[in-house]
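The block underneath contains the structure these notes are about, expressed in structure tokens.
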Amino acid sequence: PSALPPPTPAPPRFDRLQPGTRVIVQRLQARHELNGQAGRIEKFLEDKGRYSVRLEMESVKPISVQPHNLLQMVDNAGLLNHDPPISGTIINSRVEDDGTVQFALRTHGTAEVMW
């Protein structure tokens with residue numbers, strides 16, 4: 001009898017944040033002091049429907065966070081057709097009723113936020 005080939009791993013889910021993804025915690029009620037803190041996804045907790053997030057604050061253990069309380073950060077974003085060119089990290093975004101996208105960009109080396 002021939003041996004079965006090893007199972008192929010499932011591809012990453014496009015509807016889940018992958019381990020290592022940078023996020024910002026937002027709208028927490030019980031631990032509001034953590035709102036605005038940056039961290040990285042450790043894993044998705046299937047049984048809880050939450051993400052395990054390791055915050056960049058060294059003194060904090062990983063926390064369990066609902067998906068709607070996380071904002072994914074995008075590195076190396078830039079504004080096209082802007083003089084001078086601007087680049088940084090997208091830290092917030094929203095879609096307006098007319099379909100345009102507004103976003104906040106933290107420029108590299110500063111804490112400046114622009115919409």
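Sequence positions, counted from 1, serve as the residue numbers for this chain.
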For Gln18 and Thr21, which heavy atoms make the closest approach, and how far apart are they?
O-OG1, 2.6 Å
Identify the heavy atoms of Val23 and Gln72 that sit nearest to each other, and give their distance.
CG1-CA, 4.2 Å
If we only count heavy atoms from C-beta on, is the Gln66 to Arg27 side-chain gap below 4.5 Å?
no
Check Glu42 with Arg40, please: is the shortest side-chain N to carboxylate O separation under 4.0 Å?
no
Intermediate values then yes/no, side-chain contact (heavy atoms from CB on, under 4.5 Å), Leu70 and Ile41
CA-CA 10 Å; Leu70 295 173; Ile41 299 294; 3.8 Å; yes
When every non-hydrogen atom of Phe44 is compared with those of Arg16, the smallest separation belongs to CE2-CZ, 3.2 Å
Between Met57 and Leu34, is the side-chain contact (heavy atoms from CB on, under 4.5 Å) condition met? List the steps.
CA-CA 10 Å; Met57 300 169 53; Leu34 298 179; 4.1 Å; yes
Is the CD atom of Gln29 crowded by more than 12 outside heavy atoms at less than 6.0 Å?
no
Mind listing the closest non-hydrogen atom pair of Pro62 and Ser52 along with its distance?
CB-OG, 3.8 Å
Shortest non-hydrogen contact from Gln26 to Asn35?
C-OD1, 3.4 Å
Checking the side chain of Arg22 only, and the main-chain atoms of Met73 only, is there a donor and an acceptor separated by less than 3.5 Å?
no
Value for CZ (Arg31) from CG (Leu55), rounded to nearest 0.5 Å, stands at 8.0 Å
